[in-house]
*Asks:* 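Dumping the structure here so I can ask a few things about it.
Please read all numbers here as calculations on a predicted model, not as lab measurements. The figures here come from the full heavy-atom set of this structure, side chains too, leaving out hydrogens, waters and symmetry mates.
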Amino acid sequence: MTAIRHGLAVRTVFAAKRGWYRLRYPRLRLGVGVQIRGRLRLRRGVRVSIGDHTRLNKLVRFAGSGEVRIGAHCLLNATWIGSWTSVTIGDRCLLSDCELLDNDFHNLAPVRRHDAPTAASRAPIAVEDNVWIGAHAMVMKGVRIGRDSVVGAATVVRADVPPGVVVIGNPQQIAKKFHD
């Protein structure tokens, strides 16, 4: 098979997958050239918009009643996003096998734990451009991760991350600054 025919075959497969997922999930918006190399799963009415030329590997899952916006030229690899308010991911981001959760799923007060979650248990997440989030990291509600930053593997992000740094650990701590 020539390179041209192979490229056409690959583009045809990705176009077919995009069409099938658009039919399956009416609340899914896919940009031009999105490559779904694995599978997608949307649950509980979540609305998802994926930017141009973004690649999705393995099983990428979205849940909740909120909205997820993913920029252009991103890579999501076995990522799980739970959104009951909103999760925004900028352009050129790399998200490994990680979790982003804009909610606690329950109330913390012992007497209210079994009650339905309140507004205090939710807050939006914003991931700015060119952020890399490593495997098994967890990004919690109300967090903003600054552009050009890296979240190390297995890091728990509970507070805002400034631009241009590497954070690691639990609790997160700055391990490196790129602009010094």
*Asks:* Under a 3.5 Å distance rule, please check whether Asp91 uses its side chain to pair with a backbone N or O of His73 as donor and acceptor.
*Replies:* no

*Asks:* Kindly give the heavy-atom pair with the smallest separation between Ile168 and Thr155, and that separation in Å.
*Replies:*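 For Ile168 and Thr155, the tightest heavy-atom pair comes out as CA-OG1, 3.2 Å.
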
*Asks:* Looking only at non-hydrogen atoms, find the nearest pair between Gly31 and Arg18 and report the distance.
*Replies:*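 It is O-CD, 4.2 Å.
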
*Asks:* Is the backbone N or O of Gly45 less than 3.5 Å from a side-chain atom of Arg27, with the two atoms forming a donor-acceptor pair by type?
*Replies:* yes

*Asks:* At what distance, to the nearest 0.5 angstrom, does OG of Ser83 lie from CG of Leu100?
*Replies:* 10.0 Å

*Asks:* Within a 6.0 Å radius of atom CZ on Arg92, are there more than 12 heavy atoms belonging to other residues, nucleotides or ligands?
*Replies:* yes

*Asks:* Please find the pair of heavy atoms, one from Asp52 and one from Val32, that lie closest to each other, and give the distance.
*Replies:*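 Here Asp52 and Val32 meet closest at OD1-N, 2.7 Å.
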
*Asks:* Ignoring hydrogens and geometry, is there a side-chain-to-backbone donor-acceptor pair from Lys58 to Gly38 under 3.5 Å?
*Replies:*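 Pair absent, no side-chain N/O of Lys58 close to backbone of Gly38.
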
*Asks:* In terms of hydrophobic clusters joined by side-chain contacts under 4.5 Å, are Val143 and Val151 together?
*Replies:* yes

*Asks:* Say whether Val150 and Val165 are linked into one hydrophobic cluster, either directly or through other cluster members, by side-chain heavy-atom distances under 4.5 angstrom.
*Replies:*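 Looking at the clustering, Val165 is in a separate group from Val150.
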
*Asks:* To the nearest 0.5 angstrom, please state how far the OG atom of Ser149 sits from the CG atom of Asp129.
*Replies:*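 Between atom OG of Ser149 and atom CG of Asp129 there are 11.5 Å.
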
*Asks:* Could you tell me whether the side chains of Thr85 and Asp102 share a donor-acceptor contact shorter than 3.5 Å?
*Replies:*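 Side chains of Thr85 and Asp102: pair found under 3.5 Å.
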
*Asks:* For Glu128 and Arg147, indicate whether the former's side chain and the latter's backbone hold a donor-acceptor pair under 3.5 Å.
*Replies:* yes

*Asks:* Kindly compute the distance separating CG (Asn57) from CG (Leu75), expressed to the nearest 0.5 Å.
*Replies:* 5.5 Å

*Asks:* Does CZ belonging to Arg158 count more than 12 external heavy atoms closer than 6.0 Å?
*Replies:* no

*Asks:* Roughly how far, to the nearest 0.5 Å, is CH2 of Trp84 from CG of Asp104?
*Replies:*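 Asp104 atom CG to Trp84 atom CH2 measures 11.5 Å (nearest 0.5 Å).
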
*Asks:* Rounded to the nearest 0.5 Å, what separates atom CG in Asn103 from atom NZ in Lys141?
*Replies:* 8.5 Å

*Asks:* Please check if Ile174 and Ile133 belong to a single hydrophobic cluster, counting links between Ile, Leu, Val, Met, Phe, Trp and Tyr side chain heavy atoms closer than 4.5 Å.
*Replies:* yes

*Asks:* In sequence, state the C-alpha distance, the side-chain angles, and the governing distance for Val131 and Asp148, and then conclude on side chain to side chain contact (heavy atoms under 4.5 Å, CB included).
*Replies:* CA-CA 5 Å; Val131 168; Asp148 301 326; over 6 Å; no

*Asks:* Should the heavy atoms of other residues, nucleotides or ligands under 6.0 Å from CZ of Arg43 be counted, would the total exceed 12?
*Replies:* yes

*Asks:* Mark yes or no for whether Arg113, through its side chain, and Leu108, through its backbone, hold a donor-acceptor pair below 3.5 Å.
*Replies:*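 Pair found, side chain donor or acceptor close to backbone of Leu108.
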
*Asks:* Hey, what do you get for CG (Leu95) to CH2 (Trp132), rounding to the nearest 0.5 Å?
*Replies:* 11.5 Å

*Asks:* Ala135 and Ser96: which non-hydrogen atoms are nearest, and at how many Å?
*Replies:*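 Taking every non-hydrogen atom into account, N-CB, 3.6 Å.
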
*Asks:* My understanding is that only residues two or more places apart in sequence, or in another chain, count here; which of them pass salt bridge (charged side-chain N to carboxylate O under 4.0 Å, His left out) with Arg69?
*Replies:* Glu67

*Asks:* With a 3.5 Å distance limit and no angle check, can you tell me whether Thr54 reaches the backbone of Cys74 through a side-chain donor-acceptor pair?
*Replies:* yes

*Asks:* Which atom names give the shortest non-hydrogen contact between Leu40 and Tyr25, and what distance separates them?
*Replies:*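 Heavy atoms of Leu40 and Tyr25 come nearest at O-OH, 3.6 Å.
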
*Asks:* Quick one: closest heavy-atom pair of Tyr21 and Arg39, and the distance?
*Replies:* OH-CA, 3.3 Å

*Asks:* Looking at Arg44, I want to see if its CZ is surrounded by more than 12 non-hydrogen atoms of other residues, nucleotides or ligands under 6.0 Å.
*Replies:* no

